[in-house]
Structures are given as C-alpha cells and as structure tokens.
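Here is how names work: the chains are called A, B, and so on, in the same order as the sequence lines, proteins then strands, and each is numbered from 1.
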Amino acid sequence: MSKDLLDKGYEPKAVEQKWYAYWEKEGLFSAADSSDRTPFSIVIPPPNVTGVLHMGHALNNTMQDILCRYRRLKGGNVLWMPGTDHAGIATQNVVERKLAQQGRDRHELGREKFIEAVWKWREEYGSAIINQLKRLGASCDWERERFTMDEGLSRAVRTVFVKLFKQGLIYRGMYITNWCPRCRTALSDLEVEHEELDGHLYHIQYPLADGSGAVTVATTRPETMLGDTAVAVHPDDERYANLSCDEVILPLMDRKIPIIRDAYVDKAFGTGALKVTPAHDPNDFEIGQRQKLPSVKVIGEDGTMTDDAGRYTGLDRFACRKAVTADLKKQGLLVNMEDHKHGVGHCYRCKSIVEPNLSRQWFVDAKTLAKPAIEAVESGKTRIIPESWAKTYFDWMYNIKDWCISRQIWWGHQIPAWTCRSCDELMVAMEAPGQCVKCGQRDLIQESDVLDTWFSSALWPFSTMGWPEKTELLNTFYPTSVLVTGFDILFFWVARMMMMGIHFMGDVPFRDVYVHALVRDEEGKKMSKSKGNVIDPLNVIDQYGTDAFRFTLAAFAAQGRDIKMSERRVEGYRHFINKLWNAARFSLMHLDSGWEKIDEAHISLPDKWILSRLDEVSSKVAEALEEYRFNEAAGTAYQFVWHEFCDWYLEAVKPVLYDQAEGPSRTATMQVLWTALKDILILLHPFAPFVTEEIWEKLPGTAGSIMKAVWPQPAAYVADIRQLGQARTEMDLVMALITGIRNIRGEMNIAPSTKLDVAVASGRNSVRQTVEMHHGLISNLARLNTLQVQDNDDRSATAATAIIDDATLLVELKGVVDFGQEAQRLEKEIGKLTKELAGVDKKLSNQGFLSKAPTQVVAEVREKQTALSEKRQKLEATFQKVKSFIS
RNA sequence: GGGCGGAUAGCUCAGUUGGGAGAGCACCGGCCUUACAAGCCGGGGGUCACAGGUUCAAGCCCUGUUCCGCCUACCA
C-alpha cells in the first residue's frame with residue numbers, strides 16, 4: 001500500500017498556485033531559440049493593458065494553452081509569445097477618467113506629463129491581465145513578454161512607417177474620416193460601430209436663385225445643410241433637365257450654391273435631388289472632389305458648430321439640428337418630416353455618435369498590401385479554419401479601403417514625421433532630423449498625431465521576435481504555427497498582420513488561423529456589462545477550479561458555434577475532475593512503484609483491452625487537437641476516462657488487487673493500471689494541467705514535472721499489438737453479457753445484493769471459451785452466484801432470457817421474481833426487435849437496393865437481418881414458454 | 001442591400017467521405033457494492049424546422065420557405 005494517499009476530494013486552490021509557481025521557476029514554459037526539436041509557435045493576441053480577463057480571453061487562451069501543452073508533450077520546441085497592447089484610445093480614456101476624478105484633465109498636464117502619467121498607470125495596473133492569464137494556467141514564455149510600446153517594438157514601428165512612406169504606401173492628405181467628437185480623434189472605418197436608430201428624413205426646399213421655384217432635398221442630418229456647397233441631380237433626370245436657373249439659395253445661410261449633375265445621385269430616391277456637404281459626408285466629399293466644389297466645415301472637432309455655421313456657431317451639433325429644423329419650419333421650407341430608420345456610426349471606444357469630418361490624416365495604401373495577403377490565403381500558404389471565415393476575409397480584402405492610421409491622441413507611437421517651420425518641408429525618418437533637408441533650418445516640429453493601435457499590433461508576429469534584427473528566434477519560429485483568435489478582430493488584426501508580415505518578412509505570419517466563436521451567456525445572449533449578464537472567469541475559477549473551467553470551455557468549443565456558458569455546466573466538469581482524482585486515489589492505494597515494462601505474458605483481458613483503447617483514444621485526441629476540434633478531443637478523453645477506464649477497467653481490476661495473491665498476473669495488472677493512469681494524466685494534461693500535475697507528483701515512478709512527459713504510445717508497451725485487437729472482441733462480448741445481466745436485474749427489480757445464477761448458451765466454441773476463461777470477471781461484475789456454460793438451448797423454465805450476439809443469456813429467476821413481469825419484459829423486447837427487423841426487411845426487398853448498393857453494405861444488412869430474426873425467434877420461444885408457465 | 005451561421009430528446013448541444021440517431025444535464029426506478037452520493041447500476045424520451053428534389057438509400061447533397069442570431073454596406 002502506498003503511504004502517499006490522496007485526500008478524499010480534489011481541492012484546486014492551493015494546488016493551482018503551487019504548480020504554476022513551480023512551472024515558472026523551473027523554466028518549463030521556455031522555448032529554445034533554436035533546437036533539434038520540431039518548432040511550434042503561437043503569438044498571443046495581446047490583451048489591452050487596461051484589460052480585465054473576460055470569457056473571450058479565457059476561451060482564446062485556454063485553446064492556445066491546450067495546443068502548446070499538447071505540442072510540448074509531443075516533444076516540440078514550443079514558443080508561446082506573450083505580451084500586452086498599449087491600446088491607445090482605451091488606455092488614454094482610462095487615465096483621463098482617473099484624472100477627471102481628481103478634477104484635472106490632460107490639457108492642464110500637458111502632453112509630456114500626461115504620457116508619464118500613463119506609463120505610471122501601466123506600471124501600477126498593467127500586469128493585472130497577465131496575472132489573470134497565469135491563473136488560467138497559460139504556459140506563456142513570460143521571460144519574453146513584450147509590450148507594443150516597448151523600446152524594441154517602437155523601433156519596429158518606426159522602421160515600418162519610414163519604409164512604407166518611402167515606398168509610397170503611406171501618404172498624408174485632407175480627407176473625410178470618421179471623427180469621434182468625444183475622443184477628438186479620427187477613427188478608421190473599422191472602429192465605427194453601426195447601429196440602426198429611429199431618425200427622421202427631413203425634406204427641405206431650396207428656392208431657385210431666380211425665384212422661379214424650388215428644389216426639394218432630403219436629409220437625415222439637417223444641420224449639415226449649413227455646409228452645403230451644391231445640390232446634385234442625376235444627369236439623365238428629366239425632371240431637372242430644363243431648369244430655368246442653375247443655382248439655389250441655401251436657406252438659413254442665404255448663400256447661392258450651384259445645381260450640379262452627378263451620376264452618383266439615385267433618381268429613384270426621394271425627389272432625386274441631393275444636398276452636397278463635402279466636409280461632412282463621405283459620398284459628398286467624393287462628389288466635391290469630382291466637381292471641384294468648395295468644402296465648408298460647419299461641425300468642429302468637439303462636436304459644436306464652427307464659425308462658418310452662421311448664427312448657429314457654438315451650438316452643439318444636436319442642439320443645432322433642433323434649431324435648424326425649427327427655423328426651417330418657421331420659414332415654411334421644411335415640407336415634410338418622415339420617420340426613418342438608418343444606420344448611425346458610433347465610436348467603438350466611447351459609443352458617441354461619429355461625425356464624418358474633413359481633416360488632414362495619414363493613410364496606408366491598403367489595396368496594394370492586400371493583394372499578396374489575398375493570394376496567400378487563396379494558395380493555402382495560410383489556412384483559415386473554419387473555412388467559412390476565409391470567405392469573409394476575402395470579401396473584406398477585395399473591397400478594402402485605405403487605412404486611416406493617424407489618431408489625434410497622445411498615448412501611442414508618435415508619427416515619425418517632421419515639418420520645417422520655415423519652408424514646410426515634410427520629413428519622415430527614424431529619428432528627428434537635425435535640420436531641414438531642403439532649406440537647412442533647424443526649426444522643425446514633429447507631427448503630433450500618434451498611430452492607430454492596430455498599426456503596432458499588425459507587426460506583432462515578427463516585432464516580438466526581434467525584427468528588424470535578423471534573430472535566431474525569427475529564424476526558428478517565423479512563420480508561426482497558428483494564430484488563435486476571435487472573429488471580431490479578423491479585419492482589425494489578422495488581415496493587417498497578413499499584409500505587414502508578407503510585406504516585411506516575405507512570408508506569411510502564420511500557417512493556420514483558427515477562428516473561434518463567442519462565449520455567450522446561458523441564454524445565448526452576448527455578455528455585456530449593461531445587460532448585467534457577465535460571468536467573470538476568475539469567479540468561476542475560484543468556485544470550481546481552473547481545470548474544470550478549462551475543460552468546460554474545451555468541451556463546448558465546437559467549430560463555428562458559439563459557446564453558451566453557465567456555472568452549472570462548469571459544475572458538471574468539476575465532477576469529472578473529481579472523478580479523475582478519485583480514480584487516482586483508488587489506484588494509488590494499490591500502487592507503490594512505477595514500471596518500465598509490462599509483463600506481457602501475464603496480462604489479463606481487461607489489461608489488454610484498456611491498453612488497446614488507450615492506444616486508440618490517444619491517437620484520436622491527438623488527431624482532433626491537430627485539427628482544432630477541441631470539443632471532440634475533450635469529449636473523447638472524458639468518455640474514455642470516465643466510462644471505460646473508471647466504469648469498466650477499475651471495476652474489473654478490483655478483485656485482482658483486493659483478493660488475488662501476489663504473483664506474476666497480479667503484478668502485470670498493477671503494471672497496466674500504472675501505465676494506464678500515467679498515460680491518462682498525460683492525455684488530460686493539456687486540458688487540466690493542474691490536477692494532472694498534482695496526481696503525477698503523487699504517482700510513484702514518475703520523476704519531475706508532467707510537462708516533461710511524452711504523449712502516450714501504449715502500443716509500445718507490448719510487442720505483439722495484434723493480441724490487443726483480439727482482446728477487444730472478447731472484452732466486447734464480456735461487457736455485453738454483463739450489461740445484459742444487469743439489464744435484466746434492473747428491469748426485474750432484483751436487488752444488487754441478490755446474487756444470481758446464470759447460464760450462457762452458445763453453439764459457438766469461441767463464445768463458450770471466452771465465457772469460461774473470464775468466468776470470474778463476469779461473475780464479479782454481474783454479481784453472480786453461479787455461471788454455467790452450455791452448448792445447447794436446454795434451459796430452466798424459470799429463467800429470464802436475453803440474446804447477446806451468438807449467446808443466449810439465461811438468468812435464473814426462481815424465487816426471485818414473478819413471471820408476469822418477465823413476460824412483459826420479453827414482449828417489450830420483441831416489439832422493439834420486430835420494428836427494427838421490419839426496416840431491414842424493407843431494405844432487402846427493395847430491388848434497387850440489392851442491385852445498386854455496394855455489395856459490402858448489402859452483406860452487412862443481410863447479416864443484420866439474420867441476427868435480428870434469430871434473436872427474435874429465440875425470444876419468441878422463450879416468451880411462449882414463460883406464458884405457458886404463468887397460465 | 002449583400003453575406004454567413006443556426007433550427008436534432010424537456011434543456012444545452014455532438015453527429016467530416018450519404019448506409020446503425022447520440023452525449024451531458026434534467027426526469028423515472030434501484031443501490032451508502034471496501035476510489036468517488038461531486039458516486040454506482042438500469043430505464044423512458046426524437047416526423048432530425050417546413051415543402052419539394054437528387055439517390056437503391058438523406059439529419060447529412062440540391063432548391064425554395066419560415067423563424068432566430070451574427071457580420072458587413074456610401075443611398076441622402
């Protein structure tokens with residue numbers, strides 16, 4: 001007996017802390033810069049420094065950790081590169097809010113001091129999310145942790161910026177962009193969230209300049225009319241073909257503006273006349289460019305009306321809308337106002353309504369960079385999994401627009417561009433130029449804008465590995481093996497990494513992109529603070545343990561399907577973890593050493609069977625993991641451990657361990673039990689790292705961490721693998737017989753404590769032999785008093801019957817049960833069989849089936865027909881006997 | 001407007017070359033059997049959304065319909 005017994009139940013808390021610290025201390029997460037072992041690499045989607053671990057992180061990182069731990073067990077040199085993202089706007093907002101609490105703001109501090117304050121904030125709070133990832137068990141190579149604003153990555157950012165500028169792939173210009181008046185910065189198209197809102201469509205009359213009439217335009221944003229510089233109609237629109245005048249008077253502003261013809265206008269919409277505001281609408285901006293119209297900016301950067309807004313100057317944009325509408329009404333120019341639903345853009349960070357606004361911004365020529373990134377996925381150099389996401393990727397990439405990368409905030413990578421104050425020359429360089437390259441003046445000012453956060457994230461797969469240096473790390477681990485990510489950042493991040501990776505590294509950033517689903521609440525709703533349905537992963541971990549939580553995530557992570565999370569589900573998997581714990585507890589009661597080899601000559605049927613199953617299951621789990629079918633991997637392991645190892649193997653082994661005298665066959669069973677438990681721990685380790693490590697330590701004969709173990713190869717334990725296959729057939733029969741007896745016991749309400757007398761009749765030698773050989777096993781698991789084997793149908797009239805394959809099971813009921821009940825049971829069974837048989841008969845009477853189906857399929861169905869009808873015949877005979885016995 | 005995904009047992013969902021409809025939970029019955037009552041043994045339960053089509057054979061392939069969810073878009 002082992003001295004080192006496990007406690008009665010598994011207590012995760014202390015165990016988790018202990019092992020995580022140990023793993024880190026022992027450097028078990030460290031990748032080798034170069035090695036003979038097969039490289040496997042993942043870069044973490046860097047969470048925001050402001051982040052708090054949510055379900056999305058938990059799922060995303062659990063998957064990555066499962067893959068990494070699996071590859072280590074497979075002998076790989078694994079790099080899981082961790083880090084955090086400086087998250088420009090988000091972080092700036094957080095620090096600004098903190099300042100606001102002290103009644104201060106960033107302008108009062110000034111840029112330099114404010115940035116200092118952000119760094120300080122980061123020092124203090126920035127590692128929260130990292131610590132939370134550790135609680136999840138994430139086996140990242142923490143010594144290599146990076147930050148998108150650290151020295152090396154900032155240099156990579158500048159290098160990329162300068163190169164792209166020199167290649168003409170970055171440019172600066174006055175364009176219309178999405179503007180958040182709250183954050184006071186431009187946003188990329190992706191950073192705008194569209195939401196359907198109930199608004200109005202305002203129909204406004206613009207009088208013709210010669211007083212001969214009016215043109216009616218329609219708009220959802222009447223305040224923008226103050227900046228109108230034209231009214232456009234379609235060139236073919238007959239309604240406007242013969243106007244007496246080419247100008248209208250812009251109401252409220254009393255400005256003459258031209259009527260122009262532009263094919264963009266949809267004749268069928270409204271009156272067919274469109275007001276054109278080049279400074280505040282992207283389409284109007286384009287019309288303005290085409291038609292050389294002036295732009296009048298009437299909404300300012302803070303969302304209030306500018307000096308060009310006439311008497312509305314200084315009004316908030318929404319107040320202005322009301323005022324304009326009221327004034328138009330007064331003048332009788334608002335001819336109609338109808339309800340209108342339309343999509344309104346909101347800032348993805350602060351949810352304010354976004355204004356399209358004209359400003360000078362920096363852009364990346366995305367179309368050029370997208371081409372090779374499309375090609376890489378089309379050619380399969382990078383696989384997107386599940387495949388359906390590839391289509392989404394293509395759709396976006398084919399229609400990609402230039403990427404606005406400048407942000408008017410302070411926290412981020414300041415754009416490395418300088419302007420000469422005397423001659424206006426623009427210089428882009430790695431470091432501040434000493435003097436103007438054109439006029440030699442020394443008075444230069446740096447561009448105040450910073451780069452979009454996603455600009456630095458786009459470089460993540462190579463910047464974290466030391467680029468632009470040519471490092472050993474890049475050489476070993478780039479392209480990375482797989483990127484695991486949610487679909488919500490497919491465009492934000494994945495597409496841009498593809499573009500930058502290919503452009504600067506000459507190769508794709510990852511071989512596979514695995515796109516996982518969303519974690520939702522119990523009812524399938526998106527979790528959100530406002531709905532109050534957020535489940536905190538840390539809370540779940542506290543309550544149920546990390547392993548149970550991870551197993552739940554894996555078990556429900558079917559490809560392409562969202563995960564509905566609830567604590568009740570986690571509870572179910574906590575039961576599983578506990579089951580494993582207790583199986584180990586049982587095993588450890590009987591094991592006091594480990595073994596290198598198994599004494600093949602003395603292993604029993606259940607021993608062979610479990611080794612054979614272990615072999616199958618470990619390959620199946622491996623295969624599933626390699627294809628990112630996490631749910632299948634987890635489900636297979638779960639089913640095997642609980643319902644095969646625990647329910648059958650451990651039960652089968654009990655009599656040997658408890659009752660059998662010491663000797664070679666008892667030792668052989670102990671060897672197999674040890675081996676099976678050891679391999680099960682390894683198999684489960686990627687999913688449940690903590691409990692498996694804890695048991696591993698207690699298991700005799702294992703040295704060091706389970707993280708250094710090798711993925712199971714049970715077939716290697718026996719020389720002759722074929723005997724394992726034969727064992728499967730025999731064990732299947734044994735299990736079927738036992739189940740058959742238990743079934744009768746259950747159906748007939750015979751107490752488990754009542755030992756039964758059973759006979760097995762079969763015309764087949766092999767069947768009789770198997771039963772005789774495993775007499776003890778069957779008697780034990782089915783709780784029998786006696787077990788007879790016979791080659792004929794001779795039977796007691798008082799026996800219950802079941803047909804198992806080629807065997808007839810006769811369970812003696814005399815004195816145990818009444819026969820009316822047995823007759824009922826048989827009748828039910830016959831009914832089932834008859835139904836099943838009818839289906840098979842129908843198939844076999846179908847000429848088409850016989851002539852066209854593959855012969856193998858026909859043969860199978862024929863066999864089934866024979867088996868079923870034989871079985872029915874036997875049961876029918878028994879039924880008649882039982883009936884006659886009653887009457 | 002375009003696109004994608006879903007609809008299978010009371011609930012949540014698996015079901016990958018078209019040939020047996022499954023799991024977990026819940027439910028019912030029986031068990032404190034010396035690892036585990038967070039457990040063990042057994043059981044009931046489904047026109048695989050609807051309508052067609054292809055096929056000897058369809059939960060699976062094709063077409064259409066309904067409902068739900070999501071992504072995306074410059075129609076004022």
Side-chain angles (χ1 to χ4, degrees), chain A residues 5-6 8-10 189 194 201-202 217-221 224 232 264-266 268-277 281-286 340 342-343 356 386 388-389 391-392 395-396 399 401 487-488 490-491 517-518 520 522 524-526 548 555-556 558-564 566 568-569 571-590 627 629 631-632 635 638-639 643 646-647 650-651 654 658 739 742-753 782-783 836 839-840 843 846-854 856-858 860-861 864:
Chain A
L5 271 184
L6 298 182
K8 201 165 174 183
Y10 173 59
D189 293 342
H194 291 270
L201 194 56
Y202 302 82
V217 299
T219 179
T220 53
R221 295 180 297 150
T224 62
Y264 167 76
V265 180
D266 179 0
F269 190 92
T271 58
L274 170 72
K275 64 186 270 310
V276 182
T277 326
D281 184 279
N283 293 311
D284 295 7
F285 175 76
E286 279 180 26
H340 185 70
H342 59 137
S388 56
W389 287 107
K391 193 176 159 39
T392 311
D395 283 351
W396 191 71
N399 300 307
K401 300 208 191 79
F487 58 79
D488 48 334
L490 191 62
F491 308 137
L518 226 60
R520 299 172 173 278
E522 201 164 358
K525 282 190 271 211
K526 207 166 167 173
F556 284 104
Q559 281 186 11
R561 192 145 184 160
D562 288 344
I563 298 175
K564 289 181 198 169
S566 78
R568 274 195 22 213
R569 295 180 170 211
E571 200 180 347
Y573 287 95
R574 182 181 59 172
H575 294 175
F576 175 68
I577 299 297
N578 195 57
K579 184 77 180 175
L580 172 70
W581 180 261
N582 276 292
R585 183 166 180 263
F586 166 79
S587 306
L588 289 173
M589 286 175 176
H590 302 280
E627 290 167 34
R629 297 196 310 260
N631 61 322
E632 197 182 308
Y638 178 101
Q639 167 71 27
H643 298 300
C646 290
D647 288 353
L650 291 186
E651 292 305 320
K654 271 179 185 174
Y658 280 117
T739 303
R742 284 173 175 172
N743 182 314
I744 289 171
R745 193 193 280 277
E747 297 263 289
M748 308 297 287
N749 275 325
I750 302 167
S753 51
R783 294 172 171 272
E836 212 179 330
V840 174
K843 241 183 197 175
N846 181 341
Q847 271 311 314
F849 175 72
L850 294 175
S851 58
K852 292 190 180 172
Q856 202 194 331
V857 173
V858 177
E860 272 168 25
V861 175
K864 192 169 176 187

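Distance check on atom P: B:rA58 versus B:rG19 gives 11 Å, rounded to whole Å. Look at the P atom in both B:rA9 and B:rA21: the space between them is 16 Å, to the nearest Å. Only the C1' atoms considered, B:rC68 is 11 Å distant from B:rA49, to the nearest whole Å. Nucleotides B:rG45 and B:rC50 place their C1' atoms 23 Å apart, quoted to the nearest Å. Nucleotides B:rA7 and B:rG15 have their P atoms positioned 10 Å apart, rounded to a whole Å. Comparing the same atom, C1', in B:rU34 and in B:rG39 gives a spacing of 14 Å after rounding to whole Å.
In this entry the distance linking CZ of A:Arg742 with P of B:rG30 reads 19 Å, nearest Å. Here the C1' atom of nucleotide B:rG15 and the CG atom of A:Asn631 are 10 Å apart, to the nearest Å.
For A:His575, whose side chain is taken as the heavy atoms from C-beta onward, the closest listed nucleotide among B:rC41, B:rG39, B:rC74 is B:rG39. Taking only side-chain atoms of A:Lys852, from C-beta outward, the nucleotide of B:rG20, B:rG42, B:rC56 with the closest atom is B:rC56.
When both pairing distances are held under 3.5 Å, B:rC40 makes a Watson-Crick or G-U pair with B:rG30. B:rG5 and B:rC68 make up a base pair, with Watson-Crick or G-U wobble contacts both under 3.5 Å.
With hydrogens and angles left out, the side chain of A:Lys391 and the base of B:rC4 share no donor-acceptor pair within 3.5 Å.
Nearest-nucleotide positions on RNA chain B place A:Val861 closer to the 5' end than the other of A:Asp281 and A:Val861.
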